[in-house]
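These notes are about the structure you will find just below.
The first residue of the sequence shown is numbered 1, and numbering continues consecutively from there.
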Amino acid sequence: MTRFAFLFLLLSCSPQQAISEPLNVVLIVADDLGIGDLGFLGGEMNTPRLDRLANQSLRFDRFYSWALCSPARAAIITGEDPMVMNMAWNPLRPADQRGLPKDIPTVAERLRAAGYATACIGKWHLGHANSTMHPNARGFDYFYGCLQGVIDYQTHLDRNQQLDWQRNGNSLEEDGYATQLIGAEAAHWVRQRGKQSEPFFLYLTFTAPHLPLAAPVDSIRRYRHVKNPARRVYCAMVDELDRAVGQVIDALRQTEQDHKTVVIFLSDNGAGKEDGGSNGGLRGAKGSAFEGGIRVPAFVFWPEKTAGDISSIPASVNDITPTILAAAGLD
């Protein structure tokens, strides 16, 4: 039994006993968000929607990930060790030919086989060299967003100045700030799924607040009191992230899916050393094996089971897939 599945026992019942019908799952991953980068964690940014959700959740103050994007994401959606997948040491770059091994199933593949509708909305960063590595080939019925690790928030161009924005394999030339587009698309998808009978799994993976530092002017103005220019923009980016997550939570409520949806929120790794983020005084940063690089904000909301408790039991990204499968009533 994994540590995370064990925590379900702390909620007074085993996963199998708790589930009368399969639960929807919304897995939200922020990009390079530090342990000091949300309002309820002491950050300067205004994050009322995430704060409210966290206060209804089981929060982890010792949750661990990998120090870089691709290894963390590989572990998140497979439950496996990135070392055995050749994904451990470096994030995928534009010229990379690597990707998730095809013989290791993703949580989306497992859930789709069990009758779930599945979507990946946002950043993939787990293989882009050919279509067999893309989300639609790895268990996701629907994909909207970018394949690579870094894009411009407004133009959606990658490091090589190539368009990296698509829907189900078709490139999109679309105006808009990436975080806002991702939030709106995810909310729309949830509203559509709320009309259907089958359960759903949404892997909602934002590019924010990863570099490049960029946010709408009005959002940045809300933080003009923050003296550090990088921190000022970073706060605005997290503010936009909060608003986008709020859209999705609102969509769950509007479709009356909130009472049967598990929501998991975390960051893929710690904030970068000079990128405007805060690791709350922990030593190290993104890319480092010290706690500032691998200890991340995380919480799980399970309707009628969580109520603002805080756990200090160590848990990790490798526990997420087993937990999701438990919430779905699967082995």
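With Ser65 contributing its side chain and Asp268 its backbone, the two residues share a donor-acceptor pair below 3.5 Å. Looking at His259, its side chain never comes within 3.5 Å of a backbone N or O of Pro303 through a donor-acceptor pair. Without hydrogens or angle criteria, Thr118 side chain to Gly139 main chain gives a donor-acceptor distance under 3.5 Å. A donor-acceptor pair under 3.5 Å is formed between the side chain of His156 and the backbone N or O of Gly176. A distance-only check finds no donor-acceptor pair linking the side chain of His134 to the backbone of Leu147 [under 3.5 Å]. A distance-only check finds a donor-acceptor pair linking the side chain of Asp158 to the backbone of Asn160 [under 3.5 Å]. Checked by atom type and distance alone, the side chain of Asp51 pairs as donor or acceptor with a backbone atom of Phe40 at under 3.5 Å. Judged by distance alone, the side chain of Asn269 and the main-chain N or O of Lys286 form no donor-acceptor pair under 3.5 Å.
Proximity of Leu53 to Phe265: side-chain heavy atoms (C-beta onward) are nowhere separated by under 4.5 Å. For the pair Arg191/Gln254, a side-chain contact is recorded, criterion being any heavy-atom separation below 4.5 Å from C-beta on. A 4.5 Å side-chain heavy-atom check between Leu202 and Ile121 finds at least one atom pair inside the cut-off. Side-chain contact between Phe200 and Leu111: absent, with no pair of heavy atoms (C-beta onward) separated by less than 4.5 Å. Looking at heavy atoms from C-beta onward, Leu252 lies in side-chain contact with Val263 at the 4.5 angstrom threshold. Between Val29 and Phe206 the shortest side-chain heavy-atom distance does not fall below 4.5 Å. Considering only heavy atoms from C-beta on, Pro71 comes within 4.5 Å of Leu68 through its side chain. Within the 4.5 Å cutoff, the side chain of Lys102 has heavy atoms near those of the Thr132 side chain.
The salt bridge (Lys or Arg N to Asp or Glu O under 4.0 Å) analysis of residues 241-265, with sequence neighbours excluded, yields the pairs Arg49-Asp242, Asp239-Arg243, Asp250-Arg253. Pairs passing the salt bridge (Lys or Arg N to Asp or Glu O under 4.0 Å) check and including a residue from residues 117-141, sequence neighbours excluded, read Asp31-Lys123, Glu109-Arg138, Arg112-Asp141. Sorted by first then second residue, the salt bridge (Lys or Arg N to Asp or Glu O under 4.0 Å) pairs that include residues 159-180, not counting sequence neighbours, are Arg167-Glu185. Residue pairs meeting the salt bridge (Lys or Arg N to Asp or Glu O under 4.0 Å) criterion with at least one partner in residues 59-70, sequence neighbours excluded, do not occur; the list is empty.
A donor-acceptor contact closer than 3.5 angstrom is absent between the side chains of Lys195 and Thr255. Side-chain atoms of Glu240 and Ser219 include a donor-acceptor pair closer than 3.5 Å. For Asp319 and Thr323, the side-chain atoms include no donor-acceptor pair closer than 3.5 Å.
Remark: Phe290 CZ is loosely packed, at most 12 non-hydrogen atoms of other residues, nucleotides or ligands lying under 6.0 Å away.
Aromatic ring pairs are classed by plane angle as parallel below 30°, tilted from 30° to 60° and perpendicular above 60°; the pair Tyr203 and Phe201 is parallel. Taking the six-membered ring for Trp and thresholds of 30 and 60 degrees, Trp89 and Trp66 have ring planes more than 60 degrees apart, a perpendicular arrangement.
Linking Ile, Leu, Val, Met, Phe, Trp and Tyr residues whenever their side-chain heavy atoms come within less than 4.5 Å leaves Leu41 and Leu282 in two separate clusters. Transitive grouping of hydrophobic side chains (ILVMFWY, heavy atoms separated by less than 4.5 Å) keeps Trp124 and Val150 in distinct clusters. Linking Ile, Leu, Val, Met, Phe, Trp and Tyr residues whenever their side-chain heavy atoms come within less than 4.5 Å places Leu325 and Leu100 in a single cluster. Under the 4.5 Å side-chain heavy-atom criterion for ILVMFWY residues, no single connected hydrophobic cluster contains both Ile35 and Phe60. Following chains of ILVMFWY side-chain contacts shorter than 4.5 Å, one cannot reach Trp302 starting from Ile310, and the two form parts of different hydrophobic clusters.
Annotation: salt bridge (Lys or Arg N to Asp or Glu O under 4.0 Å) contacts of Asp103 (sequence neighbours excluded): none. Partners of Pro199 by side-chain contact (heavy atoms from CB on, under 4.5 Å), not counting sequence neighbours, listed by chain and number: Pro22, Asn24, Tyr116.
A salt bridge does not link Glu44 to Arg232: none of the charged side-chain nitrogens sits closer than 4.0 Å to a carboxylate oxygen. Ion pair Arg221/Asp218 flagged as a salt bridge, since at least one NZ, NE, NH1 or NH2 atom sits closer than 4.0 Å to an Asp/Glu carboxylate oxygen.
Each of Asp32, Asp37, Asp275 was evaluated against Tyr234; a single residue qualifies, Asp37, per the side chain to side chain donor-acceptor pair (under 3.5 Å) test. Of the residues Val300, Leu266, Ile77, the one that meets the side-chain contact (heavy atoms from CB on, under 4.5 Å) test with Ile320 is Leu266.
Shortest non-hydrogen contact noted between Tyr177 and Gln154 is N-NE2, 3.7 Å.
Rounding to the nearest 0.5 Å gives a distance of 12.0 Å between CH2 of Trp165 and OG of Ser171.
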Quick one, Thr47 with Val238, criterion side-chain contact (heavy atoms from CB on, under 4.5 Å). Give me CA distance, side-chain angles, the key distance, then yes/no.
CA-CA 8 Å; Thr47 56; Val238 178; 3.8 Å; yes
Test ring pair (Phe, Tyr, Trp, His ring centres under 6.0 Å) applied to Trp189 and Tyr144, step by step
CA-CA 10 Å; Trp189 189 85; Tyr144 171 87; over 10 Å; no
